[in-house]
Every structure is written in C-alpha cells, then in structure tokens.
Protein chains: 2
Amino acid sequence: MSFACDTCPVRDRAACSVLDESERQALAAAGRIRDIGRGDILFHAGDEMTACATLISGALKVTSIDPDGEERILALVHPSGFIGEMFQPFAQFDVVALTDSKLCTFSRANMDGAIERFPSLARALLRRSQEDLHRAHLLLQLTGKHSANEKVGSLLLAMAQAASDSPCHPAALFDLPLSRGEMANMLGLTIETVSRQLSRLEKSGIIRREGARGIALLDPARLRLSGISPAVGPIVSH
Amino acid sequence: MSFACDTCPVRDRAACSVLDESERQALAAAGRIRDIGRGDILFHAGDEMTACATLISGALKVTSIDPDGEERILALVHPSGFIGEMFQPFAQFDVVALTDSKLCTFSRANMDGAIERFPSLARALLRRSQEDLHRAHLLLQLTGKHSANEKVGSLLLAMAQAASDSPCHPAALFDLPLSRGEMANMLGLTIETVSRQLSRLEKSGIIRREGARGIALLDPARLRLSGISPAVGPIVSH
DNA sequence: CGGAGGTTTGACCACACTCAAGCTGCGTGG
DNA sequence: CCACGCAGCTTGAGTGTGGTCAAACCTCCG
C-alpha cells in the first residue's frame, strides 16, 4: 500500500500530503484502492456513511434528488478532492462517477482514528472543507446569474479552467465531463436552452464544438464578456 | 472574560463548547466581545483576514459582489455560528449584520494557536464547516427550483424553522430577518416577484403578512405543498 | 407633517420553458 | 460492411412565467 502512495498522482495535493512519511504509511495501511466505472454510484443518499475517499483520477458529481424526483448537481469532484461527510450518520447526497475513476477509500472508523492521531490531518480536512464551501458559494453565484447566456458562458470558463493544468489559464481545447442535461441541471436551465446558448456562442465565433463533448475555446476574452463573470473560478474540487 | 462565557447564551452550542473548562478559559482570554449594529460590515471582501468570530446573538449575511456590481447572498449566520475563512489570506466575501449583533471575536493568530493546541477544536470546526457546506447545498437546491412559487414557499419554511426554538416545528409567527430585496437575491428572483408570491400565498390563506417583516404561518402544510420541498431544512448556520 | 426607503400592484414584454420533430454519433447484430 | 436502433443533441414554433418599467402605497423617523 505504501507502494501505491509512492506512485500516487495526487500524493502531494491530496489531504494526506500534509502527513510525514511514517504517518502516511500508517494511513495507507488502512486505505484501499478502488476502481469504479462511469455511472457507478459511490455513495447513495440515505445509506449509512461508513466510508470516505480521496479521488485519485476521474471525476465525480455530488447530487441530491429532491422530493419531486428531480436530480440536482451540487458539486463536482476532481482528482485530489476528498469525499465524505465525516459527521453525519447517513449520507445526505448521492455521489456518482462521471467517468471511470480511481479512489483511495477509508473506512469511517479508520479515518476517525487517523484524525484523532494526526492533528495535522484534521487541519488539512478543515482547510479542504472550507475550500469546498467556497466552491459551493461560487456555484451559488453562478446559478444566481440572470441570463442563460451568462450562466453557460461562466460554466464553460470554469470547465476550461478545471481542464487546464496551469491554474490560471483556461484550456483551449477540452472535453466536457458533463452531458447537456447535467450542465442544464447545474445551471437551473433546460437541456434545450443550454444547447441553444452553445449554438449562439459557436455562431458568434467564440467557441467551436467538436462532437458532442468537445469544446474549442476560440476567444476566451469575449466569452468572459458575453458571458460576463471574470472567472467565477474553479467550481470543481481538486 | 471567563465570566462572559459563564453567561454566554451559546456556550453549549458554539464551537468552543467542545473544550473543557480550562481550555475554554485559555481561549476566552484571547477572545473579545464585540457589538455591531444593523448594516455594519464585519468583514469586507479583499481585506486581510485577521480575525474570526462566533456569533452570540443577532444575524449576519455572507455576500459577494459580482463584477457587474450585483450583490449575492451566499449564506445566513445565526447565533452559535462561526465566521472566518481560516486558510485564506484575504476575505473572499462580505459579512454584514442583518440586525444588531453580538460577537465573540478572535485574532487569526490566536485562533490558529488554539487549533494547534486543542485538537478537539479543530475537529469541532471541521464539523461546523461540513455543516456549512451542507447548508450551502440546501440553498443550492432551493435556488435550483423552477417556479418562483416553490422558491418563496421553501424560503419561508426555512425562515420559520430558523425562527423557532424547537428544532423540528416551524414558528407560527415570526419576523423575517431579510428585506424583500434580500429574499429576492437569495432566490435569484426580483423584488416584485417575491412580493407577488407573498400576496398570492396570503390570498390563498396560507400566510398572513403583519407589517413589512412579520409573517403568520396559517397553514404550514399547504405551504409545503404549494411550495413543495418537504423541508429544505434550515439554511441558516447555528 | 413631510420625506425617504421599502413594499405592493399593474401593464407590458422578453426570455426561457414546453412540446415536438429531426439530426448525429455510436454500438449491435445481421 | 451496412442496417438498425437508441440515446443524446440540436433546432423550431408557440406559450407562459417572471422580468422590466412605472406608479401608488405603507411605515417609520426626523
């Protein structure tokens, strides 16, 4: 297991990166690598909350189903992100893989123990949790925008940032991890409206669509203007 | 200062309640009680983040101003709630008093020290932070609802819960801490639409308005139906 | 009493939703 | 290899809800 850590692609970005080598090994002994496929459900709302995990690769969505049966996407999780409601007996939300994903999972009991023993881990998780909160606030800002125009533009920009390695500049060419329906869902719009806005952006030469999921950013500056919102920032957790 | 703790109305709900008596006294020695008036700004986005605080009484709103100058309410804070982005050098958001409020403030340095020395405090803050995150998700659900109808209904219900002492049952008669503009803002609606929905609810006998801020809940059950959303839950932090 | 800020109500209009029809990409099987 | 089917996406036409603009109305305070 310590071998897994040695080659772990998120070893110096994940929560466990704050641990020293011996602490990390102790934690790793309790961790289990798990692979899940696109569409697989990691946690299901209402289930007993017996585990938590760090995402190693892939992408997840956090959703809830409201009473009338509508799904609602609350957050996206990207590699190095941490998933787990440590203080709730039952899961409040569904967590579903958007793409094939690899995780490092821990039983709730083991993680609770680790938090007790390694105060720096508690602080790292606190920091991460506050960052998640910040991202939720950014998403809230996004959904609060009035025009469909701005919403779609801002989301595209956020996805471009997330797809890019360099933290500041958006990727010029990337694949959306979300379907039209999922985008619509996040923005509080309908599939058709999202699709129409993308068409509009393409017609005005700001983007180009490459197949159903691919996006080429031709003119990020105008996206920022037409869609307003100078960088609502990365909405994804990583 | 330890005297202040003895009579503190939130002494067994706030983050510091996890400390034992000697720890609490050590923390209290670093705390300062502060009174602020309605509309006063506690933190201002962009300011250096040199302090954090527990709300003792009153109510706060957390807002951000997006580039086009629109305010957006991201969260409400009620007594025993904790405010402070512990890991950001600069404040990301404004924090403003909705009513006259009393706070127990700590310098950033002191709080960082306390977190180091008292691991249980770090855990308490982590828990609180995850609860805040949960509430942000609930608010996200609320703003995602399609009809203005549902949004206003759900918000009323949430405010009624927050105003009530008993955790489950909504208060039958209470004052809204928010102006129409602030409600509209939270829900992604306009002032006029919020006002119209309230009129509609009043006409159908579900609520009665008492002055500008007062609300009497005549028929919470129908509010829940007409506004749907079986208890989106308390959106306020406490 | 007067003024100001917040609230309510109305008339009108636009933007996004609904419904419905094609279209594209893709995997399966003949 | 093409035919088929399916799911997701795009596009169109018509409607309705909530936005915009504007005026009247409270309520609180000086």
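Computed from heavy atoms alone, side chains included, the values below leave out hydrogens, waters and symmetry copies. Small disclaimer: the values here were computed from a predicted structure and weren't measured.
Remark: C1' of D:dG12 and CD1 of A:I191 are 16 Å apart, rounded to the nearest angstrom. Whole-Å rounding puts the A:R38 CZ to D:dA7 P distance at 14 Å. Between the NZ atom of A:K145 and the P atom of C:dC15 there is a distance of 18 Å, rounded to whole Å. Separating the CZ atom of B:R213 from the P atom of C:dG6 is a distance of 9 Å, rounded to the nearest angstrom. Distance, A:E202 CD to D:dT11 P: 8 Å, rounded to whole Å. If you measure from atom CD of A:Q197 to atom P of D:dC9, you get 16 Å, rounded to the nearest angstrom. At whole-Å resolution of the value, CG in A:D175 and P in D:dC9 are 13 Å apart. Between B:H146 atom NE2 and C:dC17 atom P the separation is 11 Å, expressed in whole Å.
No more than 12 heavy atoms of other residues, nucleotides or ligands shown are found within 6.0 angstrom of CD on B:E48. Within 6.0 Å of the NE2 atom in A:H169, the count of heavy atoms belonging to other residues, nucleotides or ligands does not exceed 12.
Side-chain contact, A:S147 with A:E150: a donor N or O sits under 3.5 Å from an acceptor N or O. Side-chain contact check for B:R32 and B:S107: no donor-acceptor pair (N or O, by modelled atom type) lies under 3.5 Å. There is a side-chain donor-acceptor pair under 3.5 Å between B:H134 and A:Q92. A:S199 and A:R209 form a side-chain donor-acceptor contact under 3.5 Å, judged by distance and modelled atom types alone.
An OP1 or OP2 oxygen of C:dA16 is reached within less than 4.0 angstrom by no side-chain nitrogen or oxygen of A:T190.
Within 4.0 Å of B:S195, counting heavy atoms only, lies at least one base atom of the nucleic acid. If you check every strand for non-hydrogen atoms under 4.0 Å, B:L198 touches nothing.
Proximity note for B:R180 (side chain, C-beta onward) versus C:dT7, C:dA16, C:dT18: the nearest is C:dT7. Taking the side chain of B:T193 as heavy atoms from C-beta on, and the options D:dG19, D:dT10, C:dT8, the nearest nucleotide is D:dG19. For A:L189, taking side-chain heavy atoms from C-beta onward, the closest of the listed nucleotides C:dT9, C:dC17, D:dG18 is C:dC17.
When the nearest nucleotides of DNA chain C are assigned to A:A212 and A:G188 by heavy-atom distance, the more 5′-ward of the two goes with A:G188.
Ion pairing of B:K61 with B:E182 is present here, as a side-chain N (NZ or NE/NH1/NH2) and a carboxylate O approach within less than 4.0 Å.
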Distances for protein N/O vs nucleotides 10-14 of chain C N/O pairs under 3.5 angstrom?
unit_1: C:dG10; atom_1: N7; unit_2: B:R196; atom_2: NH1; d: 3.0

